[in-house]
Colleague: 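I am attaching a structure below and will ask some questions about it afterwards.
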Amino acid sequence: MKDLLTTDFRNAPWWWEAAPLTESAGGTLAPSYDAVIVGSGYTGLRAALTLARAGRSVAVFDKERPGFGASRRNAGFLGRTLKWPYIDLKATKGTTHATAIYRDLSMAYESTLAFIEEEGIACHAVRCGRLIAATSAAHYAVLERELDGMKADLGLPYWMVPRARLREEMATDLYDGGAVIPDLGSLHPGLYHHGLMTRALDAGVAIFGRCEVTTIGQAGQPGRFRITAAAGETRARDVVIATNGYTPPHFAWHARRVIPFVGYMAATEPLPPALLEKQLPHRRTVIDSNLDIDFFRPAPDSPRLLFGGATANGLQDPVAIATLLHGRLRRALPDLADVRLSHVWTGQCAGTFDMMPHIGCHDGIWYGMGYNYAGVPMGSLFGLKIAQKILGLPEGTTAFEQAPFPTLPLYRGNPWFLPLAMRYFAWKDKRLARSRPAA
Ligand SMILES: Cc1cc2nc3c(=O)[nH]c(=O)nc-3n(C[C@H](O)[C@H](O)[C@H](O)COP(=O)(O)OP(=O)(O)OC[C@H]3O[C@@H](n4cnc5c(N)ncnc54)[C@H](O)[C@@H]3O)c2cc1C
């Protein structure tokens, strides 16, 4: 193998090339706002924009520069699935609940694309389709059963790709075939966030970057809050916590309910167009069928491959991360064995104990978080729904608010058990792979 990294290698998201983080001072802090939002990702900004356009005064605070969180770091896969496959949710919670959840997932997906189109946000949003690559024959059979159940109950399209035809989708022999979901999408997460942020600023939202919120307390009058941030103190009638995988320990109730974990990604150097086209001829997003996923996609704005995996492995050193990810790349796409990496980055995601995203109001404070790797559509939807709830609009309801937000005794937000959980997921993946596919 040649050198692993390009000479201009950056330990930063590829997305920041087109959508670099910027400072945002927010102006003079007002003594009070109608709404204060903590966190400037998709959740916080979508809520802020909706409220501002309804005439509310809104301030958004971020501990770092706006967009520093996962919203400018993710893979840009736009889907409508959860870690809970539809047929498992149906078997456990019943058809009514499962269809209501999956209908709202479809709403998150469709409404995000519709919003991008209506707003004219240039972020390469496309319905490119997704290949789910089966890591064994048994995975292939489970995948087919899941997708068949979703097609029967929800009318969602798919087709199976047997191993013998997999090279029509991806230049690999690693997988035991897969399935294509033709209408799923992708976007450039940095440009999507940038578009959301410029629209929020245009609507009059004050965005305070590098301005950590340290306390949120009752302000004496019922329904009013006192917020202490690095820029000073202010008050608000409504407060939204939109910190997902970056939720700090001092938001103790929320920190006890989300499980922060690190996601890893890399970008290759520019590839000869024919080589890139051979890897993913239909330019679909690709995810494998494991619980501990590997994922691949073409960059929308450069002839590069973007990919990720090895979630929550604990590595921090960029060269060590690059080495690990490159191994995954070579295993899946051997044609790219000598390709160098130009960018490697990480970002914080948030899991939950029931593997479901959560939206709601605790002690008068609104929250939306725990997206389990589906925050592009779900963060966008929950931001909108929270704003609609604050505005008293009936369309703010969602099937996701019905479940309590669980925690575990003694859990305080430090996921010491993550390495064990990832080992358990890997064991489950292998156990399924070794099993005989059901007839
Ligand atoms: C590598 C990676 C790949 C992913 N791929 C996908 C994908 O392909 N598709 C998908 O749907 N999802 C994906 N996700 C998940 C998705 O990116 C997130 O779920 C989503 O961006 C969360 O948005 P958010 O607005 O809730 O939070 P974030 O965008 O994470 O923003 C939270 C913000 O809160 C701020 N904050 C924290 N504490 C404070 C405080 N006390 N005061 C002020 N500010 C504070 C942080 O600085 C941060 O900027 C991925 C995530 C990662 C990391």
Side-chain angles (χ1 to χ4, degrees), residues 13-15 21 36-48 59-82 105 108-109 112 130 184-190 192-193 196-197 207-216 227-231 239-251 254-255 258 260-266 285-287 293 295-297 306-312 321 325 344-351 357-359 367-383 386:
W14 163 253
W15 313 118
L21 299 186
V36 156
I37 291 166
V38 191
S40 68
Y42 305 136
T43 312
L45 290 184
R46 187 72 197 273
V60 173
F61 294 95
D62 203 291
K63 187 180 171 192
E64 307 285 348
R65 284 171 292 170
F68 175 86
S71 295
R72 285 203 196 195
R73 294 167 183 270
N74 62 72
F77 287 34
L78 199 54
R80 52 169 177 245
T81 42
L82 289 175
L105 280 169
Y109 170 70
T112 302
R130 182 180 298 178
L184 291 190
S186 66
L187 47 68
H188 186 304
Y192 172 42
H193 183 272
L196 200 48
M197 185 165 145
I207 302 180
F208 294 87
R210 298 195 196 268
C211 192
E212 181 179 12
V213 170
T214 47
T215 59
I216 304 168
I227 298 100
T228 314
V239 177
V240 180
I241 295 186
T243 48
N244 201 48
Y246 295 80
T247 302
H250 57 263
F251 298 154
H254 307 83
V258 289
F261 61 88
V262 181
Y264 298 86
M265 283 197 70
T285 58
V286 180
I287 190 167
I293 50 169
F295 49 96
F296 308 87
R297 64 166 292 179
L306 310 183
F307 64 103
T311 302
I321 296 168
L325 289 182
V344 164
W345 69 98
T346 65
Q348 291 282 129
C349 305
H358 285 270
I359 180 172
Y367 62 83
M369 56 183 63
Y371 299 123
N372 292 277
Y373 251 124
V376 180
M378 290 309 296
S380 306
L381 182 76
F382 278 9
I386 290 168

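When a ligand or atom number is given, it counts from 1 through the structure's own listing order. Since the model is a prediction, treat every value here as computed from it, not as a measurement.
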Colleague: Within the structure, does Phe77 bring an N/O atom to less than 3.5 angstrom of an N/O atom in ligand 1?
Modeller: yes
Colleague: When you measure from atom 21 (O) of ligand 1 to every protein heavy atom, which one gives the shortest distance, and what is it?
Modeller: Ser71 OG, 3.0 Å
Colleague: Flag Lys63 as yes when one of its N or O atoms lies below 3.5 Å from any N or O atom of ligand 1, and as no otherwise.
Modeller: yes
Colleague: Looking only at atom types and distance, does a side-chain atom of Gln348 sit under 3.5 Å from a main-chain N or O of Gly245, one as donor and one as acceptor?
Modeller: yes
Colleague: Report yes or no: do Thr243 and Tyr367 form a side-chain donor-acceptor pair below 3.5 Å?
Modeller: no
Colleague: Which of the numbered atoms in ligand 1 are under 4.0 angstrom from any heavy atom belonging to Val38?
Modeller: 40 (C), 42 (N), 43 (C), 44 (N)
Colleague: Would you say the side-chain atoms of Ser71 and Tyr192 include a donor-acceptor pair closer than 3.5 Å?
Modeller: no
Colleague: Atom 34 (O) of ligand 1: which protein heavy atom is closest, and how many Å away?
Modeller: Gly39 CA, 3.4 Å
Colleague: Does ligand 1 have an atom that lies less than 4.0 angstrom from a heavy atom of Glu212?
Modeller: yes
Colleague: For ligand 1, which atoms sit closer than 4.0 Å to a heavy atom of Gly347?
Modeller: 53 (C)
Colleague: Is there a polar contact, in the sense of an N or O pair closer than 3.5 Å, between Gly69 and ligand 1?
Modeller: yes
Colleague: For ligand 1, note which part of Ala350 has a heavy atom under 4.0 Å away: side chain, backbone, both or neither.
Modeller: neither
Colleague: With respect to atom 52 (C) of ligand 1, which of Gly263, Pro377, Cys349 exhibits the smallest heavy-atom separation?
Modeller: Cys349
Colleague: Among protein heavy atoms, which lies nearest atom 48 (C) of ligand 1, and at what distance?
Modeller: Asp62 OD2, 3.5 Å
Colleague: Which of the numbered atoms in ligand 1 are under 4.0 angstrom from any heavy atom belonging to Ala374?
Modeller: 10 (C), 11 (O), 12 (N)
Colleague: Does any N/O atom on Tyr373 come nearer than 3.5 Å to any N/O atom on ligand 1?
Modeller: yes
Colleague: Just distances here: any N/O of Gly245 and N/O of ligand 1 closer than 3.5 Å?
Modeller: no
Colleague: For atom 22 (C) of ligand 1, grab the closest protein heavy atom and report residue, atom and distance to one decimal in Å.
Modeller: Asn244 ND2, 3.6 Å
Colleague: Excluding sequence neighbours, so at least two apart, what forms side chain to side chain contact (heavy atoms under 4.5 Å, CB included) with Pro377?
Modeller: Leu78, Ala108, Thr112
Colleague: For ligand 1, which atoms sit closer than 4.0 Å to a heavy atom of Val376?
Modeller: 9 (N), 10 (C), 11 (O), 12 (N)
Colleague: Please write down residue, atom name and distance for the protein heavy atom closest to atom 28 (P) of ligand 1.
Modeller: Ala70 N, 3.7 Å
Colleague: Between the side chains of Asp62 and Tyr246, does any donor sit under 3.5 Å from an acceptor?
Modeller: no
Colleague: Can you list everything that forms a side chain to side chain contact (heavy atoms under 4.5 Å, CB included) with Cys211? Sequence neighbours excluded, please.
Modeller: Phe61, Phe208, Ala229, Ala230, Ala231
Colleague: Looking only at protein heavy atoms, which one is nearest to atom 41 (N) of ligand 1, and what is the separation?
Modeller: Val213 O, 3.0 Å
Colleague: Heavy atoms only, cut-off 4.0 Å: how does Tyr371 contact ligand 1, side chain, backbone, both, or neither?
Modeller: side chain
Colleague: For atom 39 (C) of ligand 1, what is the closest protein heavy atom, and at what distance to 0.1 Å?
Modeller: Thr243 CG2, 3.8 Å
Colleague: Which is it for Trp345 and ligand 1 at heavy atoms under 4.0 Å: side chain, backbone, both or neither?
Modeller: neither
Colleague: With heavy atoms only and a cut-off of under 4.0 Å, state how Met378 meets ligand 1: side chain, backbone, both or neither.
Modeller: neither
Colleague: Is Tyr42 in polar range of ligand 1, meaning some N or O pair under 3.5 Å apart?
Modeller: yes
Colleague: Can you report which non-hydrogen protein atom sits closest to atom 14 (N) of ligand 1, along with the distance?
Modeller: Asn74 CB, 3.5 Å
Colleague: When only distance counts, is Pro248 in polar contact with ligand 1, meaning an N/O pair under 3.5 Å?
Modeller: no
Colleague: Is there a polar contact between ligand 1 and Thr43, counting only N or O atoms under 3.5 Å apart?
Modeller: yes
